[in-house]
Amino acid sequence: MFRGSELFTESLAELAGYVPVTLFYFLVPTAVSFVLGWILCLIRSGKKNVLYYIASVFVSFFRGTPGLVQIYLCFFGLPQLFDLFGVDINSWDAGIFYIIATCCNFSSFVSEAFRSGCKAIDPGQIDAGYSIGYSRSQCFFHVIMPQAMEIALPNLKNLEIDLLKGTAVAYVIGVTDIMGRANQIINHHKGYGQIWILLAAAILYFLINVLVEIVFSLISSHNKKYRRAAA
């Protein structure tokens, strides 16, 4: 028991050093996906043209297939695709392929969260924006986006938590984050005490998750104060 607890302490300290790496693979897809998600949302909320159908197929594919399969497709498929055009990307870091796959996957879910938020807005408020002289872009940024973000906030929090937990599979293509390093430690000890190593990793993921929930709670509290002030 002492050896197990000792391994836990050692692993926790070592894995903590990989928290910034995990946060990187969590925050970068978050930032990119929020932008791409809004673009997809706008396309799918507009006229049913070629872009609409391309965006719809994109969203349906990445929402309807497992994230792990998408990571493998990017990791093994993109180098072959680029090779057709004489471009060699085999030297790219594995994390780049993970970020590409995750951005495609996460932005698809984010776009649907935004789209449901946009649909929930009273059309009268949009008309009111136009009536006071707002342009289409001003109406989007000052009327639609703030309200859609607020409506989508609970769903976005759940999606962010899923995204954080999803970083744990990045090690399958060679990304060395918390779980990647935990797997290396387990292999180094030939499987001995793996439950303690995994427990250390789980605690770190849990603590990051708590931080994410705190951030969303602060955003929600800020929105409530803003509404009361504006009332």
Side-chain angles (χ1 to χ4, degrees), residues 21-79 81-82 89 92-121 136-137 140-141 144-173 175 177 179 205 208-209 211-213 215-216 219-220 223:
V21 181
T22 295
L23 288 176
F24 176 80
Y25 289 115
F26 168 66
L27 294 175
V28 171
T30 292
V32 174
S33 296
F34 268 55
V35 176
L36 185 55
W38 269 118
I39 294 173
L40 291 169
C41 171
L42 292 175
I43 293 174
R44 299 192 73 212
S45 298
K47 296 180 180 179
K48 293 186 177 181
N49 51 23
V50 175
L51 278 178
Y52 171 88
Y53 290 108
I54 292 175
S56 296
V57 171
F58 178 91
V59 170
S60 296
F61 177 81
F62 283 100
R63 291 180 73 230
T65 54
L68 183 58
V69 174
Q70 295 165 18
I71 292 172
Y72 279 133
L73 283 174
C74 282
F75 185 66
F76 294 110
L78 283 182
L81 178 63
F82 274 69
I89 62 171
W92 282 10
D93 186 84
I96 297 176
F97 296 102
Y98 173 77
I99 288 174
I100 293 172
T102 304
C103 286
C104 291
N105 177 282
F106 192 57
S107 62
S108 299
F109 286 93
V110 169
S111 70
E112 288 301 282
F114 287 155
R115 198 157 72 101
S116 63
C118 290
K119 286 184 176 181
I121 298 173
R136 186 176 180 181
S137 59
F140 172 74
F141 284 109
I144 298 175
M145 181 182 280
Q147 294 187 68
M149 285 286 288
E150 185 174 354
I151 294 169
L153 199 61
N155 195 10
L156 289 174
K157 182 178 77 169
N158 293 330
L159 290 175
E160 287 289 334
I161 291 172
D162 286 339
L163 174 64
L164 172 61
K165 292 186 293 185
T167 61
V169 303
Y171 81 95
V172 298
I173 58 171
V175 175
D177 59 347
M179 191 59 203
Y205 281 113
I208 300 173
N209 179 68
L211 181 61
V212 171
E213 296 220 22
V215 170
F216 272 90
I219 294 173
S220 180
N223 287 340

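Only this structure's heavy atoms are used, side chains among them; waters, hydrogens and symmetry mates stay out.
- Contact detail for Val110 and Gly37: the closest heavy-atom pair is CG1-CA, 4.3 Å.
- Side chains of Arg44 and Ser56: a donor-acceptor N/O pair is present below 3.5 angstrom, by distance only.
- Listed here is the closest heavy atom pair of Asp177 and Thr167: OD2-O, 3.0 Å.
- Taking NZ of Lys47 as the start and OH of Tyr52 as the end, the distance is 14.5 Å to the nearest 0.5 Å.
- Phe106 is not listed as a side-chain neighbour of Val32, based on a closest heavy-atom distance of 4.5 Å or more.
- Annotation for Asn155 and Ala113: closest pair ND2-CB, 3.6 Å, computed over non-hydrogen atoms.
- Separation of atoms CG (Leu23) and CD1 (Ile208) is listed at 5.0 Å; rounding is to 0.5 Å.
- Taking the ring centroids of Phe34 and Phe114, they lie under the 6.0 Å cut-off.
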Check the pair Phe109 / Asn105 against side chain to side chain contact (heavy atoms under 4.5 Å, CB included), numbers first and verdict last.
CA-CA 7 Å; Phe109 286 93; Asn105 177 282; 3.7 Å; yes
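- Residues in residues 22-37 take part in no salt bridge (Lys or Arg N to Asp or Glu O under 4.0 Å) pair, two or more places apart or across chains.
- For the atom pair CH2 (Trp38) and CG (Leu42), the distance works out to 7.0 Å, reported to the nearest 0.5 Å.
- The side-chain heavy atoms of Val28 and Thr102, taken from C-beta on, include no pair separated by under 4.5 Å.
- The distance from the SG atom of Cys104 to the CG atom of Leu73 is 11.0 Å, given to the nearest 0.5 Å.
- Heavy atoms only, all atoms of each residue included: Glu213 and Ile161 are closest at OE2-CD1, 3.7 Å.
- Atom CZ in Phe62 sits 10.5 Å away from atom SG in Cys103 (nearest 0.5 Å).
- Salt bridge status for Glu160 with Lys157: absent, with no side-chain N to carboxylate O gap under 4.0 Å.
- At a threshold of 4.5 Å between non-hydrogen side-chain atoms, the residues Ser108 and Phe58 count as touching.
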Does the pair Lys165 and Tyr205 meet the rule for a side chain to side chain contact (heavy atoms under 4.5 Å, CB included), with working shown?
CA-CA 7 Å; Lys165 292 186 293 185; Tyr205 281 113; over 6 Å; no
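- In terms of heavy atoms, Gly117 sits closest to Ala148 at C-CB, 3.9 Å.
- Residues Phe97 and Val175 have side chains not in contact (no heavy-atom distance under 4.5 Å, counting atoms from C-beta outward).
- In this pair, Tyr25 and Tyr98 present their aromatic rings perpendicular. The plane angle is above 60°, beyond the 30 to 60° band.
- In this structure, the separation between CG on Leu68 and OH on Tyr72 is 5.0 Å, given to the nearest 0.5 Å.
- Here the side chains of Ile151 and Ser116 are not in contact, with every heavy-atom distance at 4.5 Å or above.
- Between Ile100 and Trp92 there is a side-chain heavy-atom pair separated by less than 4.5 Å.
- The minimum heavy-atom distance linking Cys74 with Pro79 is given by the pair O-CD, 3.6 Å.
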